[in-house]
Amino acid sequence: AQTRRMQAGYYGSITHLEHQIGRLLRELKDEGVLQDTVILFTSDHGEMLGDHFMAQKNLFFEGSAHVPLLIMPPQGRGLPVNVRVDSLAEIADIFPTILDIAGIEPPAEAMGRSLLRDPGERTFYGASLGQHFCVMEGKMKLIYCVRGGHTLLFNLENDPMEQHDLSNDPAYAAVRDRLYGMLLSHAAEHCPDAVEDGKFKEIAPPRFPGDMPGRWYGFHYRDYSVDTFH
C-alpha cells in the first residue's frame, strides 16, 4: 500500500510536469522563438520507487541510473532530427552537445562527447557513496556493493528490468570476471580508498534493518517503520 501511494504521487508529478512543458512550448511558439530554441529534457537521476523493494537513488539499478535524454534542435538548421542513439550516453555529454549545436567546438578538456557526432561504443564506470560500484559495457552491467561483497550481473538486452542476476551463471563467468577486473582497476585508480591489496575493501553487511553505522544507504522517511538498505 505504501509503494502504491509513492507511485501515485510520482505519476501525479509526471502529469503536472507534462502540463507545464506544454505551457512552455506554447509560449515559445506564441512568442515566435520556438524555431530558435534548443529544447533538452533530462534528469540527474531516477527514483527506485519500489523497484527491488528500494526507494530514492544512489544505486546503479536502471530505476535510479537510467534517465531520459531528449534533445530537439532548432528547425531548418540542417541538424539531425528523429535520431535515436542506442549507445551509452551520460549527463556529461550535454555540455559538448549543446556547444556543437551552436557551432562551437567543444573544449578538449570536456569530459563528455557530443551526441551530434557518432559517440561510438563506450564503457561506463560509476561509484556512489564509496560503497556501490558499477561498470557497464554495451548491454552488460556489473554492480558491486562492498557491504557483504555482493556482485550482481545483468544482461539488459534480455532483462531490461534486472530481474535475473547472472553473476553465478557459469555461462557468464568469463564476462563477470572480465568486468569485475575492469571495475577493480578503475576503482584502484579513481577511488583508491575503496581498494586494498588488489581487491575491494569489504564491509560487514547490516544484521537487521536500521543497523547502519554512520550514513545510511537506501531510504528512511519519517512515515516508514524501518530502514531499507542495499
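The figures that follow rest on heavy atoms only: side chains count, while hydrogens, waters and symmetry mates do not.
No donor-acceptor distance shorter than 3.5 angstrom exists from the side chain of Glu90 to the backbone of Ala92, with no hydrogens or angles considered. Panel note: side chain Glu202, backbone Val146; no donor-acceptor pair is recorded below 3.5 Å. Panel note: side chain Ser64, backbone Gly46; no donor-acceptor pair is recorded below 3.5 Å. In this structure, Gln131 contributes its side chain and Arg147 its backbone to no donor-acceptor pair below 3.5 Å. In terms of modelled atom types and a separation under 3.5 Å, the side chain of Ser128 and the main chain of Leu59 share no donor-acceptor contact. Side chain of Asp93 to main chain of Arg113: a donor-acceptor pair is present (N/O by atom type, distance under 3.5 Å, no hydrogens or angles). A donor-acceptor pair under 3.5 Å is formed between the side chain of Ser167 and the backbone N or O of Thr151.
Two residues are said to be in side-chain contact when any heavy atoms from C-beta on lie closer than 4.5 Å; Leu99 and Pro107 meet this criterion. Looking only at side-chain heavy atoms (C-beta outward), Phe60 and Leu152 stay at 4.5 Å or farther from each other. Contact annotation: the side chain of Leu156 approaches that of Met136 to within less than 4.5 Å [non-hydrogen atoms, C-beta and beyond]. At least one side-chain heavy atom of Leu116 sits under 4.5 Å from a side-chain heavy atom of Pro80. Put simply, the side chain of Ile101 reaches to within 4.5 Å of the side chain of Ile71, judged on heavy atoms. Between Leu153 and Tyr180 the shortest side-chain heavy-atom distance does not fall below 4.5 Å. The closest side-chain heavy-atom distance from Asn155 to Met140 is below 4.5 Å. Counting only heavy atoms from C-beta outward, the side chains of Leu166 and Arg176 never approach each other to under 4.5 Å.
The cluster map of Ile, Leu, Val, Met, Phe, Trp and Tyr, joined by side-chain heavy atoms under 4.5 Å apart, puts Ile21 and Tyr10 in different clusters. A continuous path of Ile, Leu, Val, Met, Phe, Trp and Tyr side chains, each step under 4.5 Å between heavy atoms, connects Phe133 with Tyr125, placing both in one hydrophobic cluster. Under the 4.5 Å side-chain heavy-atom criterion for ILVMFWY residues, no single connected hydrophobic cluster contains both Leu28 and Ile98. Residue Leu79 is grouped with residue Ile94 when hydrophobic side chains (ILVMFWY) are merged at heavy-atom distances under 4.5 angstrom, including chains of intermediate members.
A distance of 10.0 Å separates CG of Asp159 from CD of Glu62, quoted to the nearest 0.5 Å. Taking CE from Met182 and CD from Glu137, the interatomic distance works out to 4.5 Å, rounded to the nearest 0.5 Å. To the nearest 0.5 Å, atoms NE2 (His190) and OG (Ser185) are separated by 10.5 Å. Ser87 OG to Phe124 CZ: the interatomic distance, rounded to the nearest 0.5 Å, is 14.0 Å. Interatomic distance, CE of Met161 versus CZ of Phe61, reported as 12.0 Å (0.5 Å rounding). Here the NZ-CE distance, from Lys57 to Met48, works out to 14.0 Å after rounding to the nearest 0.5 Å.
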>> Checking Leu179 against Leu183 for the side chain to side chain contact (heavy atoms under 4.5 Å, CB included) test, could you report, in this order, the C-alpha distance in whole Å, the side-chain angles of both residues, the deciding distance, and whether it holds?
In response: CA-CA 6 Å; Leu179 290 179; Leu183 182 61; over 6 Å; no

> Which is it for Ile39 and Phe41 under the side chain to side chain contact (heavy atoms under 4.5 Å, CB included) test, yes or no, and what are the steps along the way?
Replying inline: CA-CA 7 Å; Ile39 297 172; Phe41 181 85; 5.8 Å; no

> Stepwise, does the side chain to side chain contact (heavy atoms under 4.5 Å, CB included) test hold for Met111 with Ile91?
Replying inline: CA-CA 10 Å; Met111 294 178 62; Ile91 292 176; over 6 Å; no

>> side chain to side chain contact (heavy atoms under 4.5 Å, CB included), that's the test. Do Lys141 and Cys134 meet it? Break it down for me.
In response: CA-CA 7 Å; Lys141 178 199 286 189; Cys134 176; 3.7 Å; yes

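Counting heavy atoms of neighbouring residues, nucleotides and ligands inside a 6.0 Å radius, atom NE2 of His66 does not exceed 12 of them. For NZ of Lys201, the number of neighbouring non-hydrogen atoms (other residues, nucleotides, ligands) closer than 6.0 Å is greater than 12.
Scanning both residues, Val67 and Ser43, for their nearest heavy atoms gives CG2-O, 3.5 Å. The heavy-atom pair separating Gly63 from Asp51 by the smallest distance is CA-OD2, 4.4 Å. Closest approach of Arg117 to Asp100, counting heavy atoms only: NE-OD2, 2.8 Å. Of all heavy-atom pairs between Leu34 and Met72, the closest is CD1-CE, 4.3 Å. The two residues Ala127 and Cys191 come nearest to each other via the heavy atoms CB-SG, 3.9 Å. Shown here for Gln35 and Pro74, the closest heavy-atom pair between the two residues is O-CB, 3.1 Å.
In this model, no donor atom of one side chain and acceptor atom of the other lie less than 3.5 Å apart for Arg4 and Gln7.
Each of Thr97, Leu69, Leu70 was checked for a side chain to side chain contact (heavy atoms under 4.5 Å, CB included) with Leu40, and the lone residue meeting it is Leu69.
Checked for salt-bridge contact, Asp30 and Arg23 miss the test: no charged N lies under 4.0 Å from a carboxylate O.
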